[in-house]
Amino acid sequence: MALQAGRMLRVVRYARRHPELFVDGIEDAEAIDHAERAAVLDLALRMNMSEEHVRGQVFLAERALVHLPGLWERAVTGFASLYLVGRAVHALGLVAAPADATAEERAAERAAFAAIDAATAEWAGSCSPASFNRRLKRLTDRLCPVPAEAQHARAMRDRRVYVEDTGGGMAWFHALIPTLTRGPRSGGRRVPRSTCRRTPVRAAPATSSAPTCPARGCAGSAPTPR
């Protein structure tokens, strides 16, 4: 997968350098943008992928190639999965300096990127994905220049919900919400069945506007045909 992503990146970079081969009659930055879009569309059609997937793979490969050369080398040689590369690239965004950063902040960013690259390149060959993620989170928390309160405020602005249709008249409901701060929490661990209590669910009372089944006495049901 890493080799495939690297080859897609080569195609996109070639389109950026030679936009005249992909578009005609357009110049400057607009030509580069259209050439990149044309290259992504061509890759998506040839490889039977969506354009979003191609762009995601190209983004991962480019970020890793520039900022995580050690981990990317292990991925290209088959000793690290592209999933681990994606988690490391995500960690880069958590420790990145702001756009108006000072020289000291830029130096701290480069040091943090180098630390993540060295650590993840080592963990990729000896840790399971779960252990890799735990270690990466601890390292990122230590390197992150943003206080925890500011991180939470930024994450609160990104809270959202979305519905994923699964067919059969059913759907998954996903929500990104603040973590509970009161009451019992499992902390990500499985709760033993012996500690759970069964809560009975009672049907809502019938209303005059809903038809009632005479045979079963349930609201909203049609009479059972004989």
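Just so you know, these numbers use all the heavy atoms, side chains as well, and skip hydrogens, waters and symmetry mates.
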At what distance, to the nearest 0.5 angstrom, does [atom1] of [X] lie from [atom2] of [Y]?
X      : Y      : atom1 : atom2 : value
Arg87  : Leu60  : CZ    : CG    : 11.0 Å
Phe132 : Ser81  : CZ    : OG    : 8.0 Å
Glu73  : Asp117 : CD    : CG    : 11.0 Å
Glu20  : Ile32  : CD    : CD1   : 10.0 Å
Ser128 : Leu84  : OG    : CG    : 9.5 Å
Gln57  : Gln4   : CD    : CD    : 6.5 Å

For [Y], is there any backbone N or O sitting under 3.5 Å from a side-chain donor or acceptor partner on [X]?
X      : Y      : result
Thr77  : Arg74  : yes
Thr140 : Leu136 : yes
Asp165 : Ala171 : no
Asp42  : Ala38  : no

Looking at [X] and [Y], what are the two nearest heavy atoms and their distance?
X      : Y      : result
Trp72  : Ala5   : CH2-CB, 4.3 Å
Gly70  : Ala121 : C-CB, 3.9 Å
Ala2   : Ala75  : CB-O, 3.5 Å
Val23  : Ala31  : CG2-O, 3.8 Å
Ala88  : Thr120 : CB-CG2, 4.1 Å
Pro129 : Tyr83  : CB-CE2, 4.1 Å

Are [X] and [Y] linked, directly or through other ILVMFWY residues, by side chains that come within less than 4.5 angstrom of each other?
X      : Y      : answer
Leu94  : Val66  : no
Leu9   : Met1   : yes
Val12  : Leu3   : yes
Val89  : Phe79  : no
Leu176 : Val161 : no

Other residues, nucleotides, ligands: >12 heavy atoms within 6.0 Å of Arg10 CZ |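 Counting other residues, nucleotides and ligands, CZ of Arg10 stays at 12 neighbours or fewer.
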Any side-chain heavy atom of [X] within less than 4.5 Å of one from [Y]?
X      : Y      : value
Val40  : Val58  : no
His34  : Pro19  : no
Leu92  : Arg63  : yes
Val163 : Trp172 : no
His67  : Arg110 : no
Leu71  : Trp123 : no

I would like to know whether Met8 and Met47 meet side-chain contact (heavy atoms from CB on, under 4.5 Å); could you show each step before the answer?
-> CA-CA 10 Å; Met8 289 191 290; Met47 305 183 70; 3.8 Å; yes
Inspect the contact between Glu51 and Arg37 and indicate whether a charged nitrogen and a carboxylate oxygen are less than 4.0 angstrom apart.
->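 Glu51 and Arg37: not salt-bridged.
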Inspect the contact between Glu36 and Arg17 and indicate whether a charged nitrogen and a carboxylate oxygen are less than 4.0 angstrom apart.
->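 No.
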Mind running side-chain contact (heavy atoms from CB on, under 4.5 Å) on Val11 and Arg7 for me, showing each step along the way?
-> CA-CA 6 Å; Val11 173; Arg7 289 165 181 165; 5.9 Å; no
According to side chain to side chain donor-acceptor pair (under 3.5 Å), who are the partners of [X], at least two apart in sequence or on a separate chain?
X      : value
Glu109 : none
Tyr14  : none
Asp33  : none

side-chain contact (heavy atoms from CB on, under 4.5 Å) evaluation trace for Leu43 with Met49 = CA-CA 8 Å; Leu43 287 169; Met49 298 177 178; over 6 Å; no
